[in-house]
Amino acid sequence: MSSSAAENASKKITLRSSDGEVFEVEEAVAIESQTIKHMIEDDCADNVIPLPNVTGKILSKVIEYCKRHVDAAASASAAKADDKLASASVTDDDLKAFDADFVKVDQATLFDLILAANYLNIKGLLDLTCQTVADMIKGKTPEEIERHSTSRMTSLLKRKRKSEERTNGLLSRTATKIMKFSVLSSSIGGI
Amino acid sequence: MVLGCDLGDRDRNSRVKMDGSMDFIQWVGEDMSLKILMCLEDPSDLVRTGAVSSSWRQFVITHGLCKKLCLRMFPEASSFTRVIECDHIGKSVATGTDDSAEWTSLVTEHRVVNNRATYWSSKGERDPAAPETLIYKLSSQLCLITEVHVHPFQAKAVRFQMGHPKVPLQKYRDEVDKFLDEQDLSDDKFVWTYRSPEYPMAQENRLQKFKLPEPVLCIGGILKVELLGRVQTQEMDGLYYICINHVAVIGRPLSPLFDVKMIDEQGKCTLTYNPKTFSLKRVELIKEEESSSQSHFRRFSESIRTWEQVIISTLRGAGPLMIDDNDSDHEYLD
């Protein structure tokens with residue numbers, strides 16, 4: 001790991017999903033998300049950063065993606081510093097293979113990943129997921145496109161309703177933090 | 001910022017189908033759907049996307065996706081300020097929420113731009129080395145050619161030849177078009193005065209530019225595009241095909257300032273110089289260069305009519321069209 005990553009390694013950020021799952025990640029991984037990065041910079045992030053629009057399942061996948069990419073960037077730059085170009089390109093191939101496997105999920109998860117990547121403002125993940133959906137469309141007939149791009153949303157709606165109930169509960173319990181929430185939403189609105 | 005997942009449940013519920021499913025345009029929202037559809041690189045993919053349902057068609061047309069793709073693929077098309085479709089009976093589309101002129105013009109743009117999602121295809125061949133030729137009659141009998149742009153759908157290499165048809169002298173000028181129409185256009189019907197080097201083609205579905213080593217004077221106004229080496233096979237029959245999407249010849253027509261008159265069938269000719277046309281027509285010549293986009297469009301719209309069958313077959317997913325003639329095909333670029 002490079003020296004700057006080592007400095008950040010000790011600092012952990014806690015993220016809480018819409019359904020109450022808590023994830024502790026290194027700051028270097030968390031700031032892959034521009035949204036979270038701005039929250040930290042604007043000092044809006046308390047001990048825990050709530051992400052009411054992302055479920056635990058999706059957030060864990062997003063974290064997995066960010067962690068892998070941060071690790072890959074660190075080892076690639078280390079390899080280049082040591083003049084080991086061959087191993088840098090191997091890391092690149094590994095990363096591509098990881099990305100290809102990462103998006104082998106059902107459509108509902110893929111669409112949710114797009115929404116999460118957009119909300120969290122993670123360019124690499126957003127490009128990857130959108131390109132995956134576009135690739136699903138390429139070369140298909142209209143009937144096939146419709147079949148592949150449709151997702152059963154009844155279960156998704158149920159999950160979203162549950163997560164919204166939890167969010168509402170959270171808001172009412174933390175009435176004293178209303179000021180900070182409005183700062184949060186205006187900083188998101190500015191993105 | 002509009003959060004895609006922030007849509008009210010009521011809003012989303014109204015778009016849920018009977019079986020509880022919803023398509024991605026509704027689920028991820030407009031912005032993300034735009035981002036996804038802008039990743040598509042082939043106009044025919046966008047056309048098929050627009051054919052999925054009436055709401056998808058509306059989405060594709062409203063956001064001018066085909067036009068955006070066209071501009072990405074052919075930046076020179078940005079000089080088109082307006083699209084006019086001739087001979088079209090202006091009916092507003094039933095799926096449009098708005099019968100206004102704006103919607104109608106968007107639909108027209110969508111339709112005209114999508115005519116680029118076409119290609120000419122050769123006949124299938126077993127031998128991948130079998131070449132294919134396209135013969136073009138240029139807009140002027142005397143031109144200076146600097147570059148040729150070709151948008152192939154996979155060929156190994158390309159070569160250009162220029163020359164003139166072996167037309168009996170008495171048939172020249174006014175009747176040469178008719179004469180060419182009647183011929184089978186095999187190689188011996190032409191005299192080739194210039195042969196370019198072979199250019200390898202990138203195996204990519206994009207416009208490729210081939211600059212001639214030096215500007216070439218094309219006397220006779222005939223250009224032959226030779227496609228060497230087939231790469232693409234068709235699943236249906238396992239034969240090799242070559243397809244061409246677009247050919248443009250870049251240069252300068254030298255008429256009416258200069259004109260050429262054939263003396264014999266072997267290519268001897270006299271060059272006439274019309275200085276009167278220089279002063280009188282100078283303004284027009286300049287206008288012609290400035291409005292080259294309009295002449296591009298004229299050529300382009302003529303080639304649309306010729307390739308109408310190809311368009312219909314492509315959109316129906318029938319694969320490359322079998323063209324029942326010999327190795328050469330004949331198109332006017334005028």
Side-chain angles (χ1 to χ4, degrees), chain A residues 18 35 51-55 58 107-121 123 126-161 163-164 167 185-191, chain B residues 1-57 59-60 65 69 117 205 235 314-319:
Chain A
S18 58
T35 307
L51 300 170
N53 288 324
V54 190
T55 62
I58 299 297
Q107 279 135 34
T109 309
L110 190 58
F111 299 155
D112 275 346
L113 278 171
I114 291 177
L115 291 172
N118 184 36
Y119 167 56
L120 293 170
N121 200 346
K123 187 178 187 313
L126 189 59
D127 288 345
L128 173 66
T129 43
C130 286
Q131 185 64 52
T132 307
V133 179
D135 290 343
M136 276 168 18
I137 294 174
K138 278 180 190 172
K140 300 255 180 2
T141 64
E143 293 81 12
E144 285 169 340
I145 293 173
E146 195 184 6
R147 212 172 33 239
H148 282 109
S149 64
T150 304
S151 162
R152 298 208 69 85
M153 58 89 55
T154 37
S155 54
L156 291 163
L157 249 192
K158 276 186 202 159
R159 269 196 285 138
K160 189 160 187 301
R161 284 204 191 103
S163 73
E164 269 171 11
T167 310
S185 38
S186 64
S187 71
I188 295 168
I191 290 165
Chain B
M1 178 175 78
V2 173
L3 301 177
C5 45
D6 222 9
L7 295 174
D9 271 351
R10 213 176 13 171
D11 211 13
R12 194 165 278 164
N13 280 338
S14 64
R15 284 181 266 172
V16 176
K17 294 180 203 166
M18 292 291 279
D19 61 354
S21 65
M22 200 164 70
D23 61 50
F24 79 75
I25 290 188
Q26 294 157 332
W27 184 246
V28 301
E30 268 193 24
D31 290 341
M32 291 297 100
S33 306
L34 266 176
K35 192 170 162 58
I36 291 168
L37 293 179
M38 296 272 274
C39 292
L40 294 172
E41 287 155 353
D42 196 334
S44 48
D45 284 331
L46 267 176
V47 170
R48 285 190 281 258
T49 305
V52 168
S53 70
S54 54
S55 61
W56 282 46
R57 183 169 183 273
F59 186 81
V60 169
L65 289 174
L69 177 62
N205 187 358
E235 254 179 52
T314 309
L315 290 179
R316 284 187 186 152

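Every heavy atom of this structure was used, including side-chain atoms; hydrogens, water molecules and symmetry mates were not. Lettering follows sequence order; numbering is per chain, from 1.
- Most heavy-atom pairs under 4.5 Å with chain B, from the set A:Leu126, A:Leu110, A:Asp135: that is A:Leu126.
- The candidate from A:Gly139, A:Cys130, A:Ala116 with the greatest count of non-hydrogen atom pairs under 4.5 Å with chain B is A:Cys130.
- Heavy-atom pairs under 4.5 Å with chain B were tallied for A:Thr132, A:Ile137, A:Val54; the largest tally goes to A:Ile137.
- Listed for the A:Gln131 side chain is no donor-acceptor partner under 3.5 Å among the backbone atoms of A:Leu128.
- A donor-acceptor contact shorter than 3.5 Å is absent between the side chain of A:Asn121 and the backbone of A:Thr35.
- Using a 4.0 Å cut-off between charged side-chain N and carboxylate O, A:Asp127 and A:Lys123 make a salt bridge.
- Side-chain atoms of A:Pro52 and A:Tyr119, non-hydrogen and from C-beta on, do get closer than 4.5 Å to each other.
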